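This report concerns only the one structure given below.
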Amino acid sequence: MTEPLAPQYNPSAIESALYAWWQERGLFAPSGTGEPYVIMMPPPNVTAVLHMGHGLNNTVQDVLARFERMRGRRVLWLPGTDHAGIATQNVVERLVAKEGLTRFDVGREAFVERVWAYVNETGSAIIEQLKAIGASADWSRTYFTLDAGLSRAVREAFVSLYEAGLVYRGHYIINWCPRCLTALSNEEAEKEETDGKIWHLRYPLADGAGHVTVATTRPETMLGDTAVAVHPEDERYRHLVGRELLLPVVNRRVPIVADDAVDPAFGSGAVKVTPAHDPADFEIGRRHNLPSIDVMTPDARISLAAPDRFQGLDRFEARTRVVAEFEAAGLLEKVEAHRHAVGHCYRCGTVIEPRLSDQWFVRMEPLARPALAKYRDGTLHFIPERRGDDYVQWLEGIRDWCISRQLWWGHRIPVWYCQSEHCARTTVSRTDVEACPACGGAVRQDEDVLDTWFSSWLVPFSSLGWPDRTPDLATYYPGHTLVSAPEILFFWVARMIMSGLYFMGEVPYTHMYLHGTVRDTQHRKMSKSLGNGIDPLEVVERYGADALRYSLVSGMSVGTDVILDPNDLEASFAAGRNFANKLWNAGRFILSNLDRAPRPLAGAPRAVRRGELTLADRWIIARCEATVREATEAYEKFRLNEAAGAVYRFLWSDLADWYIEQIKPRLYGDVPGGDVARAVATQTFDVALRLLHPVMPFVTEALWRRFPGRPAEASISVAPWPRPDARAEDPAALADFGLVQQVVGAIRAIRAEYGVQPGQTVRAYVAVEGGAAAALERERSTIVRLAKLSELILGESAERVGGNAVLPDGTAVFVPLGDAIDVGRECSRLGAESDRLAGLVASQEKKLGNQQFVSRAPADVVEREREKLVAWTEQREVLIRKRE
RNA sequence: GGGCGAAUAGCUCAGCUGGUUCAGAGCGCCUGCCUUACACGCAGGAUGUCGGGGGUUCGAAUCCCUCUUCGCCCACCA
């Protein structure tokens, strides 16, 4: 506690020890009797390694958690990890591939065991990494989306939705990833604008009397065409409806049908219909009883349903071959460039293939309706608000959610099919089914697993024990704030609202804060594949967790992206490190002076009476008060950068640059009042540490604990949040000390301008009277010392030669410099200064000469402008006289 | 194609309900300082048609319209 502190703050020497101490003390578990405040951590993938996006997301959550904890709320920040179906399976598949095997070689059971082994070994790494950045989550409650409790919740949700008719099995076109070999939801198929081509193909009429031209971006699908559709009212084709075409390449006769879905204005107005490979075509096929011919295998090669010469070809090779055959037959009308949106697998980037298959779906419209209503009635708040538009748009256009995945890693679908041919009953059950409940025959469980998001959308209550009615569930549901990346608004955030309303009857959160994305200086998203990432742990090692957090927080206003430079860590993180160091040294200085206080300041420094305070004391107390208000309001409004900025300015510009400099004579015993200065410095510094703790938890704790009178077990992380105190407001002190600062600044500027040696003292005149003079008189010694004066004269100067400055309120400052100065230089400076004032005066006269302004603007505004004009005019005259 | 947002110093961005923080901060740049808390520091300084054009207003970086350029979300015109 009393060992001397190093002049340079060394984060790595203290951070892990402090974190361990917080954990030992159990400070991150909810405690006390305050109103609960719940933040649900977006569960990172088990196999994830901490990246800057996690850094940002968890820093924001931690700032809010720590802020509310200090405000006395019973904070539960609930962490967990996500089994992340496809992502995790892919990782282990790659490991298996190194042994030259596929998952099919390994077999389902053994493969799942491998995944478990992998997850058990490396799965919690990210949690350790989150601790390195200071995350104050309640790790004792950490869940895993595949553990027993959450698995039970998943079954309960599936079965009860099924019983309500909201889960169904359907035969539809879904998004299929030919590399992951699974169905995907619409959200998992990322649309990307792509420059492609559109081929215009001629299909001859079967009777040889001409042809119909169709356009397609995927010519290979023509192998599965079973019709051509035209609009029923399209005069060009009306006479052809009902006739047949001879499909080239495959030589199949297909009908021409009329369907309203066809847009006669697009292309030729005739559409090839491939019911097995296009959702719109599927619908047309259904309306016209067309056969569906699936011409592709699961890995997107041409299937046995196509002519021999195409079988086994990759879909893109087949595309080339089909086009070539059309061209050779003279049936390729034209090829045009075509920009369109192409779906890609969100996990591996492979082009999605629309595929006809049997899948499980959730009927979304009944869930979406109340979720929309809760936004429209003002229950839900999005920060920033515009994210609410995205939410509404998505819900209004919602389509059913395909939840089955042809994977092995995940929650097995709780459906059993009777193997007996005459029974064939389907059983959907909360518990495992051994035999068919109808006929007692053998059953086979559905092979598929559920979308990983089907477990995470339940997390706000499943992580608290649902479907059991646990005390945790009663206490901590619903929560308040969700902090999330905008990418998972639809995957997760919106769905949690729907599930919360459906299963719990209440929205899980009222405030959804969607922060920005971490990008590089070219505004590209940081990613491993682009190689533009910054490793947060490296930053923690080199600059400290506080520096990392400060940079992330200060670099982001509500909902904007955070830009970091991967090639220049110094540029990105030095500011935070420097700030931590500044704090460290300010704290070190104050502490070292407490040691030389005549009596140790126990606990709260000795009570100081208002009458004992100097102008500077009153000023820093008032500034501190303003900072409490500003920072608290900013945290409440999620304006974390403003909160950090307010405390930064207070600590650096006010406390360190001015107040600490001002009190040095008192501290050193050169003038009386040392104990008052110590008390005020200690008090205001303590408040600032508490205000900053949510953003920079480590350095603030390290310093805070060292102040005398703190019990060994006291932690700033549960210290009370500073309360606004109207008695500390002091506009007069703010104005008076502000004048002192301006006078000192003006004299310093003159000294620098005229190259006065740093050690040399000068005289200075300040032309003030009345209250302003009294204020300067009270801080005379401060001005003399900080501006390095031999004498301060409050009044006009008879001397002419020297440096002049005019403060914004019109106060003149003059520093006589005798023969030492360059007269020519001074003349030009005087000229420039008087020109500047002339400009101000001119525009001011114009403004005040405007009758409209004088009559319409508020009186106080006009009055202020008048005063400015008077002061500027006077000072300009003074300068002009001097110049002569 | 539909919806939404952004453009301010060399860079990254604040600037919220029009008028005292109105033209700002940090970084970078220039000058001078190892002043016994801190050179990861101190003091001083330079830099802007607030994207273009129009409008509302006594007054616009701020509100409205329009153009330009970027970005995000959504979308079965084959």
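Heavy atoms only: backbone and side chains are in, while hydrogens, waters and symmetry mates are out. These figures come from a predicted structure and were not determined experimentally.
The nucleotide whose nearest atom lies closest to any side-chain atom of A:Arg387 is, among B:C40, B:C72, B:C38, B:C72. The side chain of A:Lys582 sits closest to B:C38 out of B:C73, B:C38, B:A78.
Across all strands shown, A:Arg577 has heavy atoms under 4.0 Å from base atoms, whether or not it also approaches the sugar-phosphate. Residue contacts shown for A:Glu283 are absent, as no nucleic acid heavy atom lies under 4.0 Å away. Base engagement by A:Ala341 is indicated by at least one non-hydrogen atom pair under 4.0 Å involving a base atom. Contact annotation for A:Lys525: no contact, since no heavy-atom pair falls under 4.0 Å across all strands. Counting any heavy atom pair closer than 4.0 Å across all strands shown, A:Lys191 reaches sugar-phosphate atoms only and no base atom. Using a 4.0 Å heavy-atom criterion, one finds that A:Arg639 contacts the bases of the nucleic acid, with or without backbone contacts as well. Residue A:His231 is classed as having no contact, given no heavy-atom separation below 4.0 Å to the nucleic acid. When heavy atoms are screened at a 4.0 angstrom cut-off, A:Arg399 is found touching the sugar-phosphate backbone but no base atom. Across all strands, A:Thr517 comes closer than 4.0 Å to no nucleic acid atom at all (heavy-atom distances). Residue contacts shown for A:Glu187 are absent, as no nucleic acid heavy atom lies under 4.0 Å away. Note on A:Asp278: nothing from the nucleic acid sits closer than 4.0 angstrom, heavy atoms only. Residue contacts for A:Glu633: at a heavy-atom cut-off of 4.0 Å it reaches no nucleic acid atom on any strand shown. Contact annotation for A:Tyr9: no contact, since no heavy-atom pair falls under 4.0 Å across all strands.
Comparing the C1' positions of B:C70 and B:C33 gives a spacing of 45 Å, expressed to the nearest Å. Straight-line distance between the C1' atoms of B:A7 and B:G45: roughly 29 Å, to the nearest whole Å. Nucleotides B:C74 and B:U57 place their C1' atoms 39 Å apart, quoted to the nearest Å.
The side-chain tip of A:Arg495 points at the ring of A:Trp401 from less than 6.0 angstrom away and within 45° of straight on.
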**Asked** Reading RNA chain B 5' to 3', what string of ( ), [ ], | and . shows its pairs, if Watson-Crick and G-U wobble pairs count only when both distances fall under 3.5 Å?
**Response** (((((((..((((.....[....)))).(((((.......))))).....(((((..]....))))))))))))....

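Checked by atom type, the side-chain pair A:Asp400/A:Tyr172 shows no donor-acceptor distance below 3.5 Å.
Using a 4.0 Å cut-off between a side-chain N of Lys or Arg and a carboxylate O of Asp or Glu, A:Arg577 and A:Glu570 qualify as a salt bridge. Comment: A:Arg629 does not engage A:Glu633 in a salt bridge, judged by the lack of any side-chain N to carboxylate O separation of less than 4.0 angstrom.
As rounded to whole Å, 12 Å separates atom C1' of B:C16 from atom CD of A:Glu385. Going from atom CZ of A:Arg355 over to atom P of B:C76 covers 20 Å, rounded to whole Å.
Residues A:Glu188 and A:Asn175 form no side-chain contact, since every pair of their non-hydrogen atoms from C-beta on lies 4.5 Å or further apart.
A donor-acceptor contact under 3.5 Å is not formed by the side chain of A:Gln8 with the base of B:A39. Donor-acceptor pairing under 3.5 Å, judged by distance alone, is absent between the side chain of A:Gln393 and the base of B:A75.
Under the 30°/60° scheme for interplanar angles, the aromatic rings of A:Phe579 and A:Tyr648 are found to be tilted. Classified by interplanar angle (parallel below 30°, tilted 30° to 60°, perpendicular above 60°), the ring pair A:Phe266/A:His338 is perpendicular.
Across the interface with RNA chain B, nearest-nucleotide mapping of A:Lys272 and A:Asn641 shows A:Asn641 to be the residue nearer the 5′ end.
Of the residues in residues 648-660 of chain A, those placing a heavy atom less than 4.0 Å from an atom of RNA chain B are A:Trp652, A:Ala656, A:Asp657, A:Ile660, in numerical order.
Shown are A:Thr221, A:Thr226, A:Asp281; of these, the side chain to side chain donor-acceptor pair (under 3.5 Å) with A:Lys272 is made only by A:Thr221.
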